[in-house]
Amino acid sequence: VIITDLLGSRVSGPDFLGFVSDVRFIFEPGSARQPPRLYGIIVSPHARSSSLGFERSGVRSPWPIAAFVRWRHRGSFLVQWGDIERLDIDRIQLRPGFQRGSPELH
Amino acid sequence: VTRDTENEVARWLDAQLHLLDRQVLDVNGVPMAVVDDLELSGVPAGEEIPIDTPPPVITALLSGPVLATRIFGGRPPDSRMERTPWAAVEEVGVVVKLAVRQETSDLTWTERWVRDHIIGRIPGGRHIPEGEQHDNPQNDERGGS
């Protein structure tokens, strides 16, 4: 699987939830020679596009663009890898009882 | 992120924000390509993922002709995508720095082909410009017509 197969995919739980707007990876402490592992997907209910970096916490300027992007991605949430039940081309199914996390980058 | 940093704290990398479309530089800082895609390991597409399945990891950076497919959809054939193993990545920052020289990478085979078969056959094309002879010791390997 390549990453562009996942970006923009439709995400469903019991119902349609949104689209994959980004895929988050993590470098583990002490794993200097290990590749980043997939941590989760960011689901945006209204937009397939990127958040352009405004998912970083505290980024509020330039304010017209920040306000617009945050409005476009209102209601976004992070779903961890363990809550993904099935990955298909253009479609991702989440497990029942999946958890919604904050999509903000700290 | 520099891989050799000891005791580094966990760092998040968002694919679109931190990796895709970033310039790739070789160990000497020479631009090589752009990150057009990422290859993930072991994701069973279309099958149910058992609980406790280890998360996939990034196995390679992919570069290739993606302009048309980004506009019109689809994806280029796998054979058109050049692969850089993640093991060659030294640092991820504003650019992605590799720990290899571009001469040893498949990413720049077109540049080498053009250099050897076209530029090199133009009179003076194999001559190193004066004043640059000592800038880069690698020039000595290629020069001299």
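Quick caveat: nothing in here was measured; it's all calculated off a predicted structure.
Between the side chain of Q16(B) and the backbone N or O of V23(A) there is no donor-acceptor pair closer than 3.5 Å. Of the possible polar contacts, one joining the W81(A) side chain to the T53(B) backbone as a donor-acceptor pair under 3.5 Å is found.
Residues I119(B) and W113(B) share a single hydrophobic cluster, defined by chaining ILVMFWY side chains whose heavy atoms lie under 4.5 Å apart. The hydrophobic clustering, which links ILVMFWY residues whose side-chain heavy atoms are closer than 4.5 Å, places M32(B) and V95(B) apart. Residues V92(B) and V34(B) are members of separate hydrophobic clusters, defined by side-chain heavy-atom contacts under 4.5 angstrom among Ile, Leu, Val, Met, Phe, Trp and Tyr.
Considering only residues two or more places apart in sequence or on other chains, P31(B) meets the side chain to side chain contact (heavy atoms under 4.5 Å, CB included) condition with Q23(B), L25(B). Take E85(A) and apply the side chain to side chain contact (heavy atoms under 4.5 Å, CB included) test, not counting sequence neighbours, and it matches Q93(A), R95(A), P96(A), E48(B). Under the side chain to side chain contact (heavy atoms under 4.5 Å, CB included) criterion, D83(A) pairs with V79(A), F98(A), Q99(A), not counting sequence neighbours.
Within the 4.5 Å cutoff, the side chain of L40(B) has no heavy atoms near those of the I2(A) side chain. Counting heavy atoms from C-beta on, the side chains of I58(B) and I3(A) never come closer than 4.5 Å. I26(A) places none of its side-chain heavy atoms less than 4.5 Å from the side chain of L13(B).
Residue R80(B) qualifies as open at atom CZ: its count of foreign heavy atoms under 6.0 Å is 12 or below. Counting heavy atoms of neighbouring residues, nucleotides and ligands inside a 6.0 Å radius, atom CZ of F16(A) exceeds 12 of them. For I118(B), the CD1 atom counts as densely surrounded, since its 6.0 Å shell holds more than 12 non-hydrogen atoms of other residues, nucleotides or ligands.
Contacts with chain B were tallied for I84(A), L52(A), L6(A), T4(A); T4(A) has the most, counting heavy-atom pairs under 4.5 Å. Among V1(A), D22(A), L38(A), L87(A), the residue making the largest number of heavy-atom pairs under 4.5 Å with chain B is D22(A). Per-residue counts of heavy-atom pairs under 4.5 Å with chain A were compared for M81(B), R75(B), E39(B); the largest is that of R75(B).
Here L38(B) contributes atom CG and D5(A) contributes atom CG; the two are 11.5 Å apart, rounded to the nearest 0.5 Å. A distance of 9.0 Å separates CD1 in I42(A) from CG in L17(B), rounded to the nearest 0.5 Å. For the atom pair CG of D14(B) and CD1 of I41(A), the computed distance is 12.5 Å after rounding to the nearest 0.5 Å.
For residues 59-69 of chain B, heavy-atom neighbours of chain A at less than 4.5 Å comprise L62(B), sorted by residue number.
The aromatic ring centroids of F25(A) and W12(B) lie 6.0 Å or more from each other.
W86(B) and F27(A) have tilted rings, their planes meeting at an angle from 30° to 60° on a 0 to 90° scale.
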